[in-house]
*Asks:* 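This is the structure, below, for whatever I ask next.
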Amino acid sequence: MSLLAAGIVAAAPAGAQQPRRARPSVAPPPAPATRIPTPRSVLGFEPGEDRRLADWPTLLRYYQALAAASDRVDYRELGHSTLGAPLVALVISSPRNLRRLDRYRQLNAKLADPRTLQGTRDTQEALRDGKTVVLITSGVHSNEVGGHFTPAVLAYRLASDTSAATRAILDDVVLWLVPSLNPDGVTIVARWYNRTLGTAAEGSDPPELYHHYVGHDDNRDWYAFTQVETQLVVDSLHNVWHPQIVHDIHQQESDGSRLFLPPYLDPIEPNVDPLLVDGVNALGTAMAWQLAGEGKTGIAINAVYDAWTPARAYQHYHGGVRILSEAASANLASPVEIPFDQLATRARGFDPRQRSWNFTNPWPGGRWTLRDIVSYQADGAYALLENAARYRSHWLANFLTVEWRAVRGWKGWPYAYVIPRQHQDTIGLATLLGILHRGQVEVRTTLHPVAIGSQRFPAGSYIVVLRQPYAAFAKTLLEPQHYPDLRLYPGGPPLPPYDVTANTLPLLMGVTAVPARDSLRIGLSAPVEPPAATPGYPGFSGPDAPHVGLYRSYEASMDEGWTRWVFDTWKVPYVSVVDSVVRAGKLRDRFDVIVLPDQAPQELLEGLSRRYPPPYAGGLGAEGVKAVRQFVSDGGTLVALNDASRFAVQQLLLPVRNVLEGAADDEFYAPGSIFRLELDTDDPVARGMPSQSVAWYESGPAFEVLDSSAVRVIGRYPADPERVLLSGWVLHPERVAGRAALVEVKFGAGRVVLFGFRPQYRGQSIATYPLLFNSLQLTPR
Ligand SMILES: [Zn+2]
């Protein structure tokens with residue numbers, strides 16, 4: 001401890017002052033290529049300057065000016081964002097490489113699918129002449145504002161620098177740089193920041209989702225592909241260019257490490273090729289080493305972030321490594337002061353105040369600014385590119401090895417999954433096959449009937465053979481997950497995963513997928529296109545359609561956004577309802593049903609703090625609660641999703657008890673899992689559903705009925721604890737076994753429908769959408 005303290009005292013004066021400011025990535029010296037426009041010349045300020053953010057149109061003008069002036073940079077528009085902004089990419093390489101770009105695309109495509117290589121000479125040529133393809137993406141999370149500027153700083157450096165290191169990068173790497181994966185959010189955050197500058201709300205998050213539909217979950221969409229931004233980047237970059245390296249630039253809390261780089265923590269999702277994990281470990285560690293050599297402190301590796309879910313890591317299932325970086329945040333563009341003794345006492349995998357093997361040189365504390373963030377991020381990305389250039393032949397050879405293994409098939413994996421057709425191809429089936437197709441998985445049909453064990457499937461059934469380049473992507477999405485039982489210490493509380501633990505699409509989408517252990521020895525078709533199906537549900541058009549109000553908190557809830565996305569996609573008409581509308585009362589005059597999306601009871605009640613200007617502070621409040629109670633008494637239907645059910649139970653004093661209220665993690669734990677759900681199909685809410693379905697369980701309540709004359713149980717978990725879990729992780733399932741998961745409570749002339757789970761989870765749980773849609777149609781019209 002004393003050694004550490006001494007080191008900090010010595011480091012503080014030097015570290016806090018000049019060297020960072022002088023780094024070329026932030027304030028590049030005038031290079032010979034003076035005609036290359038600096039970011040400052042377009043933005044009007046230096047990227048990273050305190051209290052300065054730019055909106056997306058301004059940043060776009062810089063990238064256009066840069067590409068116009070530099071023969072190392074081309075500008076491509078990929079399409080348009082949810083709110084209509086241009087989503088763009090820059091391709092950066094030597095002028096010679098840019099002229100031959102299509103040749104490099106073809107060489108890389110051969111390595112990505114070794115079945116297309118024609119003999120040893122073809123292979124040697126692809127390995128010898130190919131370039132390392134790197135995709136750098138930034139800004140998926142728009143309040144991580146360093147990511148708004150780092151691409152501009154990096155692109156300028158690559159366009160203007162004449163050093164040998166930069167020339168090597170340009171010669172040996174084809175870089176695709178996406179300056180923002182969420183352009184809409186750049187403008188949402190910049191406008192809010194500028195509006196609140198100098199007020200109590202300076203540096204606060206905007207009172208709306210920074211992605212129109214999904215907010216922070218826009219980085220959980222890399223297998224479901226629900227959002228247009230994900231689709232554009234997958235279709236036009238990942239699937240065309242097959243990058244060996246993907247670097248995604250993020251920010252984390254202010255009081256941990258200054259920068260996280262991989263290796264990731266365990267668990268690593270087991271279908272990820274081991275050689276990719278080796279690549280992640282080597283590259284992340286090399287970047288940390290290089291940054292440390294440049295004098296940067298506070299870098300943590302093998303900490304906080306695991307690699308379990310495919311939702312953030314498309315490339316781990318497509319032959320590439322994913323290098324996440326997470327720089328410490330300031331308050332948006334406003335600097336923060338963090339004395340050493342206010343750094344977090346613990347972070348997962350290291351202690352921000354203690355030197356350790358994976359956190360070799362603690363940051364001494366002090367002022368932390370946007371300039372620091374941009375400096376760590378831009379120099380980190382440059383270090384990654386240097387590695388990609390220096391080890392070009394290794395990256396390409398290992399990429400080919402990963403794809404060869406996938407094509408030959410992994411020992412112990414099923415030979416294939418058979419997905420039977422349905423009488424009418426449902427939206428669930430069409431969506432699942434569409435996801436596999438978008439992920440470049442070859443789906444075929446059987447030319448003959450198939451028998452797997454005692455099950456027989458007719459000719460024409462869909463089949464996914466797990467001997468193809470992206471077999472791991474298919475397997476991960478088609479099989480149940482068995483999350484390892486990780487504890488803080490033996491017998492201790494669970495070690496929480498970084499994100500949810502299940503992603504089994506057949507369960508979520510109501511589709512059957514049967515593994516075939518052995519080769520089927522039957523004829524198969526060529527790869528087929530997925531069937532088309534148009535989302536829609538009866539009862540939501542014409543004069544009898546219910547009048548739906550969807551509560552929208554200023555303490556923006558991602559589940560609210562997902563609900564809006566599902567309603568818009570399935571053409572369910574609704575009106576978004578904010579606090580002032582609820583508090584004004586007379587809700588029954590306007591609405592038949594009001595939906596409270598998943599949100600903590602406290603947030604619903606109190607909303608944003610008084611730091612925010614009107615009308616954003618205050619939540620529903622007592623007036624809002626009174627109005628909601630009156631609405632239900634007057635005959636309306638209140639539908640409460642997941643955690644919002646606890647709010648409804650507490651505020652309307654409903655005769656049910658949450659059996660999990662106050663349960664500690666070691667008493668019950670299921671951090672995003674798929675449970676079995678048994679339904680009373682005579683109930684209107686379960687109309688059209690099978691009696692056995694699923695529930696996306698994520699920290700919701702489970703109900704004990706206190707007054708059976710007022711409460712009807714529509715769905716419950718199986719009485720046998722062993723049957724509760726279908727995919728993911730659960731500790732002590734006996735706590736919910738046999739408990740109610742979905743109930744309707746009579747209240748005055750109306751009713752409250754309480755979901756203990758998320759029926760429209762991240763736009764994926766199509767199997768349970770009917771439960772939500774039916775519950776919107778209960779008020780007689
Ligand atoms: Zn982030």
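None of the values given here were measured: they were computed from a predicted structure. Every number for a ligand or one of its atoms is a count from 1 in the order of the listing. Only this structure's heavy atoms are used, side chains among them; waters, hydrogens and symmetry mates stay out.
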*Asks:* Are Asp248 and Thr137 close enough that a side-chain donor and a side-chain acceptor fall under 3.5 Å?
*Replies:*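 There is such a pair (donor and acceptor under 3.5 Å, judged by atom type) between the side chains of Asp248 and Thr137.
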*Asks:* Which residues and atoms, counting only protein N, O or S, are under 2.8 Å from the Zn ion (ligand 1)?
*Replies:*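 You should have found His141 ND1, Glu144 OE1, Glu144 OE2, His250 ND1.
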*Asks:* Who pairs with Glu603 by salt bridge (charged side-chain N to carboxylate O under 4.0 Å, His left out), at least two apart in sequence or on another chain?
*Replies:*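 Glu603 satisfies salt bridge (charged side-chain N to carboxylate O under 4.0 Å, His left out) with no other residue.
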*Asks:* What I want to find out is whether Glu202 reaches Arg51 closely enough, with some N-O distance under 4.0 Å, to be called a salt bridge.
*Replies:*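 Arg51 and Glu202: salt-bridged.
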*Asks:* Output all residues satisfying ring-ring contact (aromatic ring centres under 6.0 Å, His included) with Trp308, sequence neighbours left out; order by chain, then residue number.
*Replies:*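 For Trp308 the ring-ring contact (aromatic ring centres under 6.0 Å, His included) partners, ignoring immediate neighbours, are Tyr483.
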*Asks:* Checking the side chain of Thr58 only, and the main-chain atoms of Ala54 only, is there a donor and an acceptor separated by less than 3.5 Å?
*Replies:*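 Side chain of Thr58 to backbone of Ala54, a donor-acceptor pair under 3.5 Å: no, none is there.
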*Asks:* Got a list of side-chain donor-acceptor pairs under 3.5 Å for residues 314-321, not counting sequence neighbours?
*Replies:*
| unit_1 | atom_1 | unit_2 | atom_2 | d |
| --- | --- | --- | --- | --- |
| Tyr314 | OH | Asn239 | OD1 | 2.6 |
| Tyr314 | OH | His318 | NE2 | 3.3 |
| His316 | NE2 | Arg322 | N | 3.2 |
| Tyr317 | OH | Glu269 | OE1 | 2.8 |
| His318 | ND1 | Tyr314 | O | 2.7 |
| His318 | NE2 | Gly439 | O | 2.8 |

